[in-house]
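Throughout, protein chains are lettered first and strands after them, A, B, ... in sequence-line order, and every chain is numbered starting at 1. Owing to the predicted nature of the structure, the values given are computational and were not obtained by experimental measurement.
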Number of protein chains: 4
Amino acid sequence: MASSSKSEMRKEQILRAAEKIFARKGFHDATISDVSREAKVSDATIYEYFSSKEELLFSIPGKTTRKQLEEIEAILEFLPRNVDKIRCIIKRYFWFYDSHPDHAAVTMLILKQNRKFLEMPAYQDVQEMSRLILRVIEEGIAKGEFRKDLDPYLVRASILGTIEHLVIRKILLGKPERLIDLSEPLADLLIQGMIPRDGEKVYHIRLALGSDEHGAEKPTPRKTPAKSDRSNR
Amino acid sequence: MASSSKSEMRKEQILRAAEKIFARKGFHDATISDVSREAKVSDATIYEYFSSKEELLFSIPGKTTRKQLEEIEAILEFLPRNVDKIRCIIKRYFWFYDSHPDHAAVTMLILKQNRKFLEMPAYQDVQEMSRLILRVIEEGIAKGEFRKDLDPYLVRASILGTIEHLVIRKILLGKPERLIDLSEPLADLLIQGMIPRDGEKVYHIRLALGSDEHGAEKPTPRKTPAKSDRSNR
Amino acid sequence: MASSSKSEMRKEQILRAAEKIFARKGFHDATISDVSREAKVSDATIYEYFSSKEELLFSIPGKTTRKQLEEIEAILEFLPRNVDKIRCIIKRYFWFYDSHPDHAAVTMLILKQNRKFLEMPAYQDVQEMSRLILRVIEEGIAKGEFRKDLDPYLVRASILGTIEHLVIRKILLGKPERLIDLSEPLADLLIQGMIPRDGEKVYHIRLALGSDEHGAEKPTPRKTPAKSDRSNR
Amino acid sequence: MASSSKSEMRKEQILRAAEKIFARKGFHDATISDVSREAKVSDATIYEYFSSKEELLFSIPGKTTRKQLEEIEAILEFLPRNVDKIRCIIKRYFWFYDSHPDHAAVTMLILKQNRKFLEMPAYQDVQEMSRLILRVIEEGIAKGEFRKDLDPYLVRASILGTIEHLVIRKILLGKPERLIDLSEPLADLLIQGMIPRDGEKVYHIRLALGSDEHGAEKPTPRKTPAKSDRSNR
DNA sequence: CATGAATGAGTGTTCATTCAT
DNA sequence: TATGAATGAACACTCATTCAT
């Protein structure tokens, strides 16, 4: 995982220390000395690798998001159904945050609300991840797996929002200990809101062999195509 | 809204200034001088009303959450259907954050991830609000409006999580300008995931029709009753 | 003791509060609020009576020293022997500090080392007191009660210095609880150093007579073994 | 005297500056900036060496007292008579305060009345010094050099008290310029109060044996009429 | 006369950052 | 490359003091 050059190892060592310290104390309450102590280097050494405390913070995500992105993309290729892709994404998020609690804390408690972070290159990866989810949703809609009237942006917001909410709960309250256990039920819940009512109906009808009492009524309760504000990119 | 005594007015004046400044600069980057300048009082005066910068921050929510809670509760009484209650809650949240952007920023970007805030009395109100939502969900399940296999905690997480996600987006990216416009589509989306499926309905009908391969006991496609971890209180 | 006018009573009330507070916390660590709280008046009221915190401090001695001075002078008149005058002065000092511990603390710990206090009128009284002692010593020398070769200034320094040293010990260490018990032994000790030696006396006799080691008269005035309070470690 | 390591030299430099500034302005009226300016370092540098202003103050005595103690002890070994030991101690005290006026001011005006200082390690040295004096007195009593009925604690109080009184006079009033000139007369005075009347008498008799040119005019072994510095008003 | 309310002026302390070695 | 040493720049907080009521 860490690069092999000695210099790169030092950098990793500092980054891991920073991640740990920032996760525990928050960005402002953590001092460079805290980090250097944890990393077992001097304060000045940190400045050999990072130009400022802030840059150190923004360097923590590093390639992590991108790597996650790539791994997820690789897996998704093998999942023909978009429902399963959604399911996979949720699972992956939870698995990642479960196994990287410090990273989770830095990301969710510090970076997510940092205006400057939006301009950092690392944020591009976050955006790409986000775009991937959007694509999966749009694709699902196009393929008819998901309801036509879905606002993909809203769907994405509900997926990411719920995940984030649960991750933050875990960080701050310590519960649930294993997010991963929530991934199936959560996927079920969210997907229920996404799949077509009739599509499902048809499926049942097929199973039911000729039972079509409710036939033509497409009972989608809300006709409004939920266009909403598509600009909420 | 503001208390009438002169002293209380000063306090309100300072709180409003603090809300504005903290919303724009964040807690750590804002100085007491910034706040006192905005409030048109001296630095020292702030300390007449609040014992520390942190106490000033934690005083910003004040009675706001409680008031929202009470108003929502008052309205919910008139909505017999829990679907509408959910819809109303979402709408109210968005309306509130739309009309109180500074409060939104302080709440979502500063307080929500502050560990100490969890111990402040104001956080109790947040929790009660949260409990109200949970109750509405549980009630809906009990009444049969929502699917029996829902995990109410998970549903609540998806409601609050999505709202928060969208509010933060608005704060940081400025889009969408009006969250309120998202409330109907979002309610639709979330509620879709909560109400019993037509498919299930059909399925039940089928059962009545004499074809009963898998019987009444297993009416849901997903067998796992999505109990998830109920401990994520 | 306190003047009768209402205003004068207020002043006394504040002074007593200040004395108590300054004694306990020291001048700098005590705040005007501490004093006003103790005196049960408002901060501002203190400024009605004293122009500044420092003036308040310098007003604490008030007429106390002068009164002591006058009382001592009155008594000394009745003591024809200067040894007894010295004895009386020491006793009086200890009695006063024993019965006015807060005054003792303010005087010994705060005022005594305050350069500005030297210019205050109240310091005049201290000086007069000091001069009185000097006079008693000089008079004793002139009368032949004390050794001719004494440096009266040095003698005074040893009297006052020892008293101060013991008072400060009591204030800081709490021991001895009663200074007054030390007054006799201390007077014995100091007076021993002041009165003409037997040896000298005898020597003079020898010169006159040529014989006689020292005669029968062992004039050591105090036989008391000056056990005093051994606990004032 | 100063430690050799560069860091120790900086520390010494700061301590000397602090001693000078505190001596002139007092602890509370002196600012860290005053000290840092005098020491020609930055404010922050002071905090590299001392954790607080108060710790800086308490560090001023350092090893000084202990060193004095050891040097005095070394000398006392060569003085068989305890009278001379007392004499030596007084002389040493005066010599030290004469040559270290800033140290004297810090010790006598600031530390001596500081309750917290009593808990500092440096105060242990002061106590040991004090115990040394006590031992000399007790030994003198045991050896019969001093009167059996002396209270050693009281004697010590009179020795230290007188010294302190005179040192403070010098600091505050500037007089006498040279304390050392007072050491002989003071020692004479104090010792007079300590030695046995008869023992001394015998001694005089021996001296007198036949040589009586100067008879009555020069009755004291010490010729200096203890005029001392009469200006120490 | 008494005071609640307001503040100016000040200060100890922190810490990210630099740089000579 | 690594760091010990030094510091500039800030800032939260305190408190004696004022003054309108």
When the distance from [atom1] of [X] to [atom2] of [N] is rounded to whole Å, what number comes out?
X	N	atom1	atom2	value
D:K6	F:dG4	NZ	P	14 Å
D:I14	F:dA5	CD1	P	12 Å
B:I46	F:dT14	CD1	P	13 Å
B:L56	F:dA12	CG	P	11 Å
B:M9	E:dA5	CE	P	14 Å
C:E54	F:dC15	CD	P	17 Å
D:H28	E:dT11	NE2	P	12 Å
D:F50	E:dG12	CZ	P	15 Å

Inset, instruction - Take B:T45 and A:E48, find for each the nucleotide of DNA chain E with the closest heavy atom, and name the residue whose nucleotide sits nearer the 5' end. - result: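 In this pair, the answer is B:T45.
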Legend entry - Given DNA chain E, 5'-ward residue of the pair C:S42 and D:D29, judged by closest heavy atom: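 Between the two, 5'-proximity favours C:S42.
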Legend entry - First of A:D43 and C:A30 reached from the 5' end of DNA chain F, by closest nucleotide: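 It is A:D43, whose closest nucleotide lies nearer the 5' terminus.
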Inset, instruction - On DNA chain F, check which nucleotide each of D:V41 and B:I32 is closest to and give me the residue with the more 5' one. - result: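 Nearest nucleotide further toward 5': that of D:V41.
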Inset, instruction - With heavy atoms under 4.0 Å as the rule, sort D:S33 into base, sugar-phosphate or nothing. - result: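 Result for D:S33 = nothing.
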Inset, instruction - Quick one: label C:Y49 by what it contacts on the DNA or RNA (base, sugar-phosphate, nothing), any heavy atom closer than 4.0 Å. - result: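 Contact class for C:Y49: sugar-phosphate only.
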Legend entry - Geometric cation-pi criterion, B:K53 with B:Y47: 6.0 Å, 45°: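 No, B:K53 does not lie over the aromatic ring of B:Y47.
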Legend entry - Stacked cation flag D:K116 on D:F58, 6.0 angstrom / 45 deg: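 Verdict for D:F58: no cation-pi partner in D:K116.
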Legend entry - Side chain of B:K53 - closest among F:dC19, F:dC13, E:dT14: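 Within the option list, the nearest is F:dC13.
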Inset, instruction - Compare the minimum distances between each of E:dG4, E:dA16, F:dT14 and the side chain of C:A44, then state the nucleotide with the smallest one. - result: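 The closest nucleotide is E:dG4.
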Inset, instruction - Check whether any side-chain N or O of A:R10 sits under 4.0 Å from OP1 or OP2 of F:dT1, and answer yes or no. - result: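 No, outside the criterion.
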Legend entry - From CA spacing to verdict: salt bridge (charged side-chain N to carboxylate O under 4.0 Å, His left out), D:D125, D:K67: CA-CA 9 Å; D:D125 297 338; D:K67 214 167 356 176; over 6 Å; no
Legend entry - Heavy-atom neighbours of D:K20 NZ exceed 12 at 6.0 Å: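 It does not: D:K20 NZ has 12 such atoms or fewer within range.
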Legend entry - Base partner of F:dT21, which must satisfy Watson-Crick or wobble distances under 3.5 Å: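 F:dT21 is paired, partner E:dA2.
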Inset, instruction - May I ask you to check whether B:S33 and B:S36 show a side-chain donor-acceptor distance below 3.5 Å? - result: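 Per modelled atom types, B:S33 and B:S36 side chains form no pair under 3.5 Å.
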